[in-house]
Colleague: 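This is the structure I want to talk about, given as structure tokens.
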Amino acid sequence: MSEPQPTEPAPATGRIPHGPFRPGDQVQLTDPKGRINTITLQPGKLYHSHKGSVPHDDIIGSPEGTVYRSSGGVEYLAFRPLLADFAVRMPRGAAVVYPKDAAQIVAMADIFPGARVIEAGAGSGALSCFLLRAVGEHGLVSSYERRPDFADIARANVEKFFGGPHPSWRLTVGSLEDALTETEADRVVLDMLAPWETLDAVAKALIPGGMICAYIATTTQMSRVVEDLRAHGAFAEPYAFETLLRSWHVDGLAVRPDHRMVGHTGFLVTARRLADGVTPPVRRRRPAKGAHPAPETGTPAAGASAPGDAAPAPTTEP
């Protein structure tokens, strides 16, 4: 179903991401050099560093954005961690999906409130948190993870961030191809080594107009996913891209790009599900010369020169 159906409100999770600090809240303490330490507030406890200590009781009950002075005279700025902060610092089994890619998945795969989303694999749970935030309490994220140890880490991270089990999340230990039971899914997000192996199962689960989004690490994986989506017949023309993130140093008249950036982390490939029985239109865009190998007939590939031939004259694409 492409439109969310009215349901009873799901019970809220335990984490409250606003208001005064409460016991059990995670708090980021940032020192004047920008170093961040994350603590969990407990009455009677102290945050200790080589620059002195800060009592948890001083923080509990105060608003976010408050500055606390340690016994050593160092000032710490306190905020709750954002999801982007939590994702890059969470305990890991598998590598996490970084916030810049998670944001693109939510936007380019059009994850909407109430959506029914299938995810494989769950990894360390970072992307699961972003998807759960996007679908809201009336949606559903059904995650599949082959490795039980990774599933345990993902579950712990999701429950730590949301303050308990999320009512819109189902985690299944097993491969998507073998364990998938959902139908009428709006979106499928694949973060796995060989997403092309799941295309038959994904095509059966997705509604017409639904979307598949694959997150892969290498160019060879990206090429395989795109070509297999084209050959499958159940999907429209795929779109492949990556996102690079560069921060800037801004200090008075000194305005320049930072020397470090978050460069390549992964590629994203998206495609829409066609209606059953529909044949995708033939692409009108000509492939680059020599992009595809020639059939095993001894005939050179399009644009390739036979032995002894002169090099073809350069042409300009229309």
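Quick caveat, the model's predicted, so the values are computed rather than measured. Atoms considered below: every heavy atom in the structure, side chains included; atoms not considered: hydrogens, waters and symmetry mates.
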Colleague: Please name all residues satisfying side-chain contact (heavy atoms from CB on, under 4.5 Å) with P55, sequence neighbours left out, ordered by chain then number.
Modeller: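 Partners of P55 by the side-chain contact (heavy atoms from CB on, under 4.5 Å) criterion, ordered by chain and then number, come out as L46, D58.
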Colleague: Side-chain heavy atoms nearer than 4.5 Å, only ILVMFWY residues, links allowed to pass through others: does that put I212 and M222 together?
Modeller: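 Cluster IDs for I212 and M222 match.
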Colleague: Could you name each residue pair satisfying salt bridge (charged side-chain N to carboxylate O under 4.0 Å, His left out) that touches residues 27-53, not counting sequence neighbours?
Modeller: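 Counting only pairs at least two positions apart or across chains, the salt bridge (charged side-chain N to carboxylate O under 4.0 Å, His left out) contacts touching residues 27-53 are D31-R35.
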Colleague: Who pairs with D57 by side-chain contact (heavy atoms from CB on, under 4.5 Å), at least two apart in sequence or on another chain?
Modeller: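 In terms of side-chain contact (heavy atoms from CB on, under 4.5 Å), with neighbours along the sequence ignored, D57 is linked to P43, I60.
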Colleague: Using a 3.5 Å distance criterion without hydrogens, assess whether the side chain of E145 forms a donor-acceptor pair with backbone atoms of A122.
Modeller: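 Flag set: sc E145 to bb A122 pair under 3.5 Å.
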Colleague: If I compare all heavy atoms of I118 with all of A205, which pair ends up nearest, and what's the gap?
Modeller: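 Scanning both residues completely, I find the closest heavy atoms to be CD1-CB, 3.9 Å.
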Colleague: We want to know whether E119 and S142 form a side-chain donor-acceptor pair, criterion being a heavy-atom distance below 3.5 angstrom.
Modeller: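 Result is no, nothing qualifies.
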Colleague: For S49 and Y76, test the side chains for any donor-to-acceptor distance below 3.5 angstrom and give the result as yes or no.
Modeller: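 Yes.
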Colleague: Are Y68 and V27 linked, directly or through other ILVMFWY residues, by side chains that come within less than 4.5 angstrom of each other?
Modeller: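 Yes, Y68 and V27 fall within the same hydrophobic cluster.
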Colleague: Using the six-membered ring of F150, assess whether NZ or CZ of R147 lies under 6.0 Å from its centre and within 45 degrees of the ring axis.
Modeller: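 Verdict for F150: a cation-pi partner in R147.
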Colleague: Quick one: closest heavy-atom pair of F162 and C129, and the distance?
Modeller: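 Smallest interatomic distance, heavy atoms only, reads CZ-O, 3.8 Å.
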Colleague: Give the intermediate values and the outcome of side chain to side chain contact (heavy atoms under 4.5 Å, CB included) for residues L176 and L190.
Modeller: CA-CA 9 Å; L176 182 72; L190 304 175; 3.7 Å; yes
Colleague: Of all residues at least two apart in sequence or in a different chain, which pass the side-chain contact (heavy atoms from CB on, under 4.5 Å) check with A126?
Modeller: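 Result, side-chain contact (heavy atoms from CB on, under 4.5 Å) vs A126: A87, M90, V96.
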Colleague: Can you establish whether the number of heavy atoms outside Y98 located under 6.0 Å from its atom OH is more than 12?
Modeller: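 Incorrect, the count does not exceed 12.
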Colleague: Minimum heavy-atom separation for I216 to P195, with atom names?
Modeller: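 Closest heavy-atom pair between I216 and P195: CG2-CG, 3.8 Å.
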Colleague: Nearest 0.5 Å, what's the CG-NE2 distance between D101 and H264?
Modeller: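 Result: 8.5 Å between the selected atoms.
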Colleague: Which residue pairs pass the salt bridge (charged side-chain N to carboxylate O under 4.0 Å, His left out) test when at least one of the two sits in residues 202-225, sequence neighbours left out?
Modeller: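 Residue pairs passing salt bridge (charged side-chain N to carboxylate O under 4.0 Å, His left out), neighbours aside: R224-D228.
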Colleague: Determine yes or no for a side-chain-to-main-chain donor-acceptor pair under 3.5 angstrom, with T30 supplying the side chain and G34 the backbone.
Modeller: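 No; judged by distance alone, with no hydrogens or angles, the pair does not exist.
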Colleague: Can you name the nearest heavy-atom pair linking L268 to C213, along with the distance?
Modeller: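 Taking L268 first and C213 second, the nearest heavy atoms are CD2-SG, 4.1 Å.
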Colleague: Under a 3.5 Å distance rule, please check whether S124 uses its side chain to pair with a backbone N or O of A94 as donor and acceptor.
Modeller: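 A pair under 3.5 Å: yes.
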Colleague: Rounded to the nearest 0.5 Å, what separates atom OG1 in T198 from atom CG in D178?
Modeller: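 These two atoms lie 11.5 Å from each other.
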Colleague: Donor-acceptor pair, S168 side chain versus G136 backbone, under 3.5 Å?
Modeller: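 Yes; judged by distance alone, with no hydrogens or angles, the pair exists.
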Colleague: Can you name the nearest heavy-atom pair linking P63 to F21, along with the distance?
Modeller: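 Scanning both residues, the minimum pair turns out to be O-CE1, 3.6 Å.
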Colleague: Under a 3.5 Å distance rule, please check whether Q221 uses its side chain to pair with a backbone N or O of A217 as donor and acceptor.
Modeller: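 Pair found, side chain donor or acceptor close to backbone of A217.
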Colleague: Can I get a per-line list of side-chain donor-acceptor pairs under 3.5 Å for residues 77-86, giving both atom names and the distance, sequence neighbours left out?
Modeller:
unit_1, atom_1, unit_2, atom_2, d
R80, NE, D25, OD2, 3.3
R80, NH1, G19, O, 2.8
R80, NH1, E64, OE2, 3.0
R80, NH2, G19, O, 3.2
R80, NH2, P20, O, 2.8
R80, NH2, D25, OD2, 2.8
D85, OD2, L82, N, 3.0

Colleague: Kindly write out the residues that satisfy salt bridge (charged side-chain N to carboxylate O under 4.0 Å, His left out) with R170, not counting sequence neighbours, or none if the list is empty.
Modeller: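 Testing R170 for salt bridge (charged side-chain N to carboxylate O under 4.0 Å, His left out), a comparison that skips the adjacent residues, returns none.
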Colleague: Under a single-linkage rule joining Ile, Leu, Val, Met, Phe, Trp and Tyr whose side-chain heavy atoms are separated by less than 4.5 Å, which residues share a cluster with L244?
Modeller: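 Via sub-4.5 Å side-chain contacts, L244 links to M261.
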Colleague: What residues form a salt bridge (charged side-chain N to carboxylate O under 4.0 Å, His left out) with R22, not counting sequence neighbours?
Modeller: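 Partners of R22 by the salt bridge (charged side-chain N to carboxylate O under 4.0 Å, His left out) criterion come out as none, since no residue qualifies.
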Colleague: Taking the side chain from S70 and the backbone from G72, do they hold a donor-acceptor pair closer than 3.5 Å?
Modeller: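 Checked: pair present.
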Colleague: Just how far is it from atom CG of L132 to atom CD1 of I111, taken to the nearest 0.5 Å?
Modeller: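 It is 11.0 Å, given to the nearest 0.5 Å.
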Colleague: If you look only at pairs with a residue in residues 183-236, which of them pass as a ring pair (Phe, Tyr, Trp, His ring centres under 6.0 Å), with sequence neighbours excluded?
Modeller: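 Listed by first then second residue: H232-F235.
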Colleague: Side-chain contact test, heavy atoms from C-beta onward, threshold under 4.5 Å: evaluate it for M192 versus Y144 and give yes or no.
Modeller: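 The answer is no, as the side chains (C-beta and beyond) never meet within the 4.5 Å cut-off.
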Colleague: Look at the side-chain heavy atoms of Ile, Leu, Val, Met, Phe, Trp and Tyr, link any pair under 4.5 Å apart, and say whether L229 and M211 land in one connected group.
Modeller: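 Hydrophobic grouping puts L229 apart from M211.
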Colleague: Taking S62 for the side chain and I59 for the main chain, is one N or O donor matched with an acceptor at less than 3.5 Å?
Modeller: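 Yes.
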Colleague: Are I36 and L29 side-chain neighbours, meaning at least one heavy-atom pair lies under 4.5 Å?
Modeller: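 SC-SC contact between I36 and L29 ruled out.
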Colleague: Can you list every salt bridge (charged side-chain N to carboxylate O under 4.0 Å, His left out) pair that touches residues 240-263, not counting sequence neighbours?
Modeller: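 Sorted result for residues 240-263: empty, none.
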Colleague: How many angstroms lie between CG in L171 and OG in S128, if you round to the nearest 0.5 Å?
Modeller: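 Between L171 CG and S128 OG, I get 7.5 Å after rounding to 0.5 Å.
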Colleague: How would you list, by chain and number, every residue that makes a side-chain contact (heavy atoms from CB on, under 4.5 Å) with T243, sequence neighbours excluded?
Modeller: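 side-chain contact (heavy atoms from CB on, under 4.5 Å) list for T243, sorted by chain: K100, Q104, F241.
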Colleague: Would you call R273-D276 a salt bridge at under 4.0 Å N-O?
Modeller: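 Yes, this pair counts.
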Colleague: On a heavy-atom basis, which atom in I39 and which in Y47 lie closest, and how many Å separate them?
Modeller: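 It is CG2-CD1, 3.7 Å.
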Colleague: Quick one: does any side-chain atom of D186 pair with a main-chain N or O of R116 as donor and acceptor, under 3.5 Å?
Modeller: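 Such a contact is found between D186 side chain and R116 backbone.
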Colleague: Indicate if L140 and W169 have the same hydrophobic cluster label, given that clusters are the connected sets of ILVMFWY residues with side-chain heavy-atom separations under 4.5 angstrom.
Modeller: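 Cluster IDs for L140 and W169 differ.
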